[in-house]
Structures are given as C-alpha cells and as structure tokens.
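Below is one structure, written out as structure tokens, with a few remarks after it.
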Protein chains: 2
Amino acid sequence: MSEIPSEKILTMMEELLNVASDYTRLKILYVIMDEDKSVSTIVEEVGASQSLVSHQLKVLKKANLVTTHKEGTKVYYKLADDHVNSLLKVVQEHAEE
Amino acid sequence: MSEIPSEKILTMMEELLNVASDYTRLKILYVIMDEDKSVSTIVEEVGASQSLVSHQLKVLKKANLVTTHKEGTKVYYKLADDHVNSLLKVVQEHAEE
DNA sequence: TTGAAATATGAACAAACATTCATATAATAA
DNA sequence: TTATTATATGAATGTTTGTTCATATTTCAA
C-alpha cells in the first residue's frame, strides 16, 4: 500500500531527477564522487568546455547536489551527501543489466 | 575508487533518469506501484487527461519501465521490475529530508 | 452493422534546456 | 600596475519535450 507522495514531494523528486538526467552532469558527479576536485580538474576529466562545466556545476549546486569551498583562486566541488551516491548506484545497476 | 561508467552506460543512465524526471510520469509510476491498473483507472487516479496519460505511458513503455497486458478493451500497465521501485524510494527519501 | 467505451496517435505549440561564444570577475604573482 | 590563471556569467541558438486538441483504431455489446 505505497502512498502517492504529496505534490510538493513529487515536485522535489522531479527536480532532483531532472538535474541528474544529463550526460555532462552525470559525468561530473562521478568525477567528484571519491574526492572533491577543482573546476579545472573537473573540466579536464570530464572532457567538456570550461564554460559548459561551469554552467552545469551551477545547476548542480543550485539543486544542492554539490557543495563548494574555495582555496585561493580555485573552487573545489564535492558531492553534497550520500543520497547522491545511492541514486547513482541504483541507476547504474539498472543500466548495467 | 569508483570508476566513471562507460559512455554507453552513462547514456543509458541519462535516459532512465530522463524518463523518470517528469511529474506526470512519476505519478503514474506510483499509481501502478502496488498493482497493475487499466489506462482509465490510471487516468482517474493521476488526474490528467486521457491523451496525456496515454502519451506518457508510451514513453514509460518504450523505456522498459512498465509492461502491459490486454484484457478485452482494457490495457493494464504495471512496473517492469524492482529497480524502478528502488529508484523511486531513494529519490523520495532524498526529497523528504 | 451501429454504437459506445477504451486506448492510441499525430500535429501543433510554447516552454525548457544543453551548448557555444564572447566576455566579465576574482585572485595572485611579477 | 600589469599579466596571468581560474572561474563565472549572459546572450544567442537549435533541439527536445510536455501538453492539448482532434481524430483514429480496437473491442465488444445490442
């Protein structure tokens, strides 16, 4: 007897899934999964343009999937919490079958 | 040391998340979560137009998130497998905090 | 065979979005 | 200050997509 979540919860779920459902952002999330990394490192490892990565990092941050801290001129991004990990794991398992 | 999934896997993950990341489709998935239901029942319980529900059911089916069987004029939809449940659970938990 | 009920489909449209390009801002070093 | 490195931002654009409206198809009963 699972209930349908409230409109508010459903909307929040929709937003989270929307943010996660982009190739570039998925790749970013994996790149910073184990340790926080600077934007320039993320740009290298993701293999996308600096502008695109910066735009998408902003999307991820606005949705609270990542947090940041600054060191000098560099900005380090990391996953916000463990839910993001769980989400990626479940989706990856589904995809790998 | 989590590896970045292959391009193919990432694309599949992107597609799954995309399909899940819509308000109407999320609601449909919850409506048929416990038992399979006919389109007309889904339309009622979701509270969207028949056309919209039908279109979105098609999207869900194409992505293999749901399966169908026919009884007379009615078509019954149900969740394809348990991954869908797990995915919704993880996302819902994230949203509820 | 007509009619009604259930479901699917196609066109049309506005809104959302990913990406690129050019440029701005911030921090530091020389 | 000036130059350089790191990051962010804004405009522009082409594509995708959610929704509606109208209509088609299927199934079965009368």
Side-chain angles (χ1 to χ4, degrees), chain A residues 7 10-32 35-80, chain B residues 7 10-32 35-80:
Chain A
E7 185 177 334
L10 277 177
T11 302
M12 292 176 69
M13 292 176 67
E14 185 189 10
E15 278 168 13
L16 168 60
L17 288 164
N18 248 310
V19 169
S21 66
D22 171 77
Y23 190 89
T24 306
R25 290 194 292 265
L26 273 178
K27 220 166 168 185
I28 291 176
L29 292 175
Y30 272 101
V31 163
I32 63 176
E35 37 172 356
D36 51 346
K37 300 205 172 134
S38 69
V39 175
S40 43
T41 304
I42 298 171
V43 167
E44 270 184 42
E45 299 191 4
V46 166
S49 73
Q50 186 273 323
S51 178
L52 176 55
V53 169
S54 185
H55 277 298
Q56 302 300 15
L57 283 172
K58 193 178 186 181
V59 174
L60 292 171
K61 190 171 184 195
K62 191 180 174 197
N64 297 310
L65 294 198
V66 301
T67 58
T68 63
H69 77 273
K70 228 173 175 176
E71 278 180 30
T73 68
K74 297 202 173 182
V75 180
Y76 289 83
Y77 283 76
K78 68 167 180 173
L79 295 193
Chain B
E7 184 177 335
L10 276 179
T11 302
M12 292 176 68
M13 292 177 67
E14 185 189 10
E15 277 168 12
L16 168 59
L17 288 164
N18 249 310
V19 170
S21 67
D22 170 76
Y23 190 89
T24 305
R25 291 194 292 267
L26 274 178
K27 219 167 169 186
I28 291 175
L29 292 175
Y30 272 101
V31 162
I32 63 177
E35 37 173 356
D36 50 347
K37 300 206 173 132
S38 68
V39 175
S40 41
T41 303
I42 298 171
V43 167
E44 271 184 42
E45 299 191 4
V46 167
S49 74
Q50 185 274 324
S51 178
L52 176 55
V53 169
S54 186
H55 276 299
Q56 302 300 16
L57 283 171
K58 193 178 184 181
V59 173
L60 291 171
K61 189 173 184 192
K62 192 179 173 199
N64 297 310
L65 294 199
V66 301
T67 58
T68 63
H69 78 273
K70 227 174 178 177
E71 278 180 30
T73 67
K74 297 201 171 181
V75 180
Y76 289 83
Y77 283 76
K78 68 167 180 175
L79 294 192

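Protein chains get the first letters and strands the later ones, always in sequence-line order, with residue 1 at the start of each.
The base of C:dT7 has none of its N or O atoms less than 3.5 Å from a complementary donor or acceptor on the side chain of B:Ser51.
Separating the NZ atom of B:Lys58 from the P atom of D:dT19 is a distance of 16 Å, rounded to the nearest angstrom. Here the C1' atom of nucleotide C:dG10 and the CD atom of B:Gln50 are 14 Å apart, to the nearest Å. A straight line from CG of A:Asp36 to P of D:dT7 spans 13 Å, rounded to a whole angstrom. The distance between atom NZ of B:Lys70 and atom P of C:dT7, rounded to the nearest whole Å, is 10 Å.
A:Val39 has its side chain out of reach of A:Lys74: every pair of non-hydrogen atoms, C-beta onward, lies at least 4.5 Å apart.
Applying a 4.0 Å cut-off to non-hydrogen atoms, none of the residues of residues 62-69 of chain B approaches DNA chain D. The stretch residues 39-48 of chain B touches DNA chain C through B:Val39, B:Ser40, each having a heavy atom under 4.0 angstrom from the strand. Non-hydrogen atoms lying under 4.0 Å from DNA chain C are contributed by A:Asp22, A:Thr24, A:Arg25, all within residues 14-27 of chain A.
A distance of 9.5 Å separates OG of B:Ser21 from CG of B:Leu16, quoted to the nearest 0.5 Å.
The side chain of A:Gln56 lies closest to C:dT19, out of C:dT19, D:dT19, C:dA27.
Summarising the geometry of A:Lys27 relative to B:Leu10, their closest heavy-atom pair is CG-CD1, 3.8 Å, with the distance given to 0.1 Å.
The ring of A:His55 does not lie on top of the base of C:dT19; it is either too far (5.5 Å or more) or too tilted (30° or more).
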